[in-house]
Visitor: 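Quick one: this structure, given as structure tokens, is what I'll be asking you about.
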Amino acid sequence: MSIREKCYRIICKIPKGRVSTYKEVAESLGIKGYRAIGMILKKNPKPIEIPCHRVVKSNGEVGGYMGGIERKIELLRKEGISIKNNKIVNFERYFFKIK
DNA sequence: ATATTGACATTTA
DNA sequence: ATAAATGCCAATA
């Protein structure tokens with residue numbers, strides 16, 4: 001299987017209302033290039049089935065989103081996560097440690 | 001807080 | 001098939 005498939009699998013493990021970081025995902029995949037994750041998610045084959053909006057940057061910033069950052073923020077808010085100036089409020093509280 | 005450098009799968013030419 | 005460019009980043013010279 002490709003890194004890409006693993007990537008999706010990992011992301012799908014993130015429970016609703018929780019978020020994780022690109023770094024975490026990358027390490028869970030066994031790679032160190034967290035940017036590769038961004039590429040994979042950008043060309044996301046199934047943007048609806050894959051909750052890529054639950055993956056954010058390590059410092060709590062939302063990062064980007066292929067469908068528009070605003071969209072991502074809204075999705076996260078619907079899951080009970082507050083966002084302020086593109087940054088998650090109480091980020092550590094929602095952080096989901098993979099593995 | 002800004003700039004620079006590092007790291008890597010995927011995409012595009 | 002090969003090389004160069006891209007990106008939802010992270011750590012720090």
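The chains referred to below are lettered A, B, ... by the order of the sequence lines, with proteins before strands, and numbering in each begins at 1.
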Visitor: As an exercise, state the distance from CG of A/L76 to NZ of A/K72, rounded to the nearest 0.5 Å.
Guide: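 If I round to the nearest 0.5 Å, the distance is 7.0 Å.
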Visitor: For A/G33, answer base if it contacts any base atom (sugar-phosphate contacts may also be present), sugar-phosphate if it contacts only those atoms, and nothing otherwise; contact means non-hydrogen atoms under 4.0 Å.
Guide: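 Sugar-phosphate: the residue A/G33, judged by heavy atoms under 4.0 Å, touches backbone atoms but no base.
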Visitor: Any side-chain N or O of A/K43 less than 4.0 Å from the OP1 or OP2 oxygen of B/dA9?
Guide: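 No, no such contact exists.
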Visitor: Starting from C1' on B/dC8, measure out to CG on A/L41 and report it in whole angstrom.
Guide: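 About 14 Å, once rounded to whole Å.
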Visitor: About how many Å separate CG of A/L29 and CD of A/E5, when rounded to the nearest 0.5 Å?
Guide: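 Answer rounded to 0.5 Å: 11.5 Å.
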Visitor: Can you tell me how far P of C/dC9 sits from NZ of A/K57, to the nearest Å?
Guide: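 Spelled out: NZ on A/K57 to P on C/dC9 is 6 Å.
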Visitor: Taking the nucleotide of DNA chain C with the nearest heavy atom to each, does A/V56 or A/A36 sit closer to the 5' end?
Guide: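 Its nearest nucleotide being more 5', the pick is A/A36.
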Visitor: How long is the span from the CD atom in A/E24 to the CD1 atom in A/I37, to the nearest 0.5 Å?
Guide: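 Going from the CD atom of A/E24 to the CD1 atom of A/I37 covers 11.5 Å.
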Visitor: In Å, rounded to the nearest 0.5 Å, how long is the span from CD1 of A/I11 to CD1 of A/I98?
Guide: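 Those atoms lie 8.0 Å apart.
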Visitor: Please determine whether a side-chain nitrogen or oxygen atom of A/R4 lies at a distance below 4.0 Å from atom OP1 or OP2 of B/dT11.
Guide: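 Yes, such a contact exists.
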Visitor: With rounding to the nearest 0.5 angstrom, report the SG to CD1 distance, A/C52 to A/I40.
Guide: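 Interatomic distance, A/C52 SG to A/I40 CD1, rounded to 0.5 Å: 11.5 Å.
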Visitor: For C/dA10 and A/S58 - does any side-chain N or O of the residue sit under 4.0 Å from the phosphate oxygens OP1/OP2?
Guide: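 Yes, because at least one side-chain N or O of A/S58 sits under 4.0 Å from OP1 or OP2 of C/dA10.
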Visitor: Only one of A/V19, A/I73, A/V55 passes side chain to side chain contact (heavy atoms under 4.5 Å, CB included) with A/V62; say which it is.
Guide: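 Looking at A/V19, A/I73, A/V55, the match for A/V62 under the side chain to side chain contact (heavy atoms under 4.5 Å, CB included) is A/I73.
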Visitor: Kindly express the pairing pattern of DNA chain B in dot-bracket notation, using | wherever a base pairs with another strand and counting only Watson-Crick or G-U pairs under 3.5 Å.
Guide: ..||||.||||||
Visitor: Rounded to whole angstroms, how far apart are CZ on A/R35 and C1' on B/dT4?
Guide: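 It is 13 Å, rounded to the nearest whole Å.
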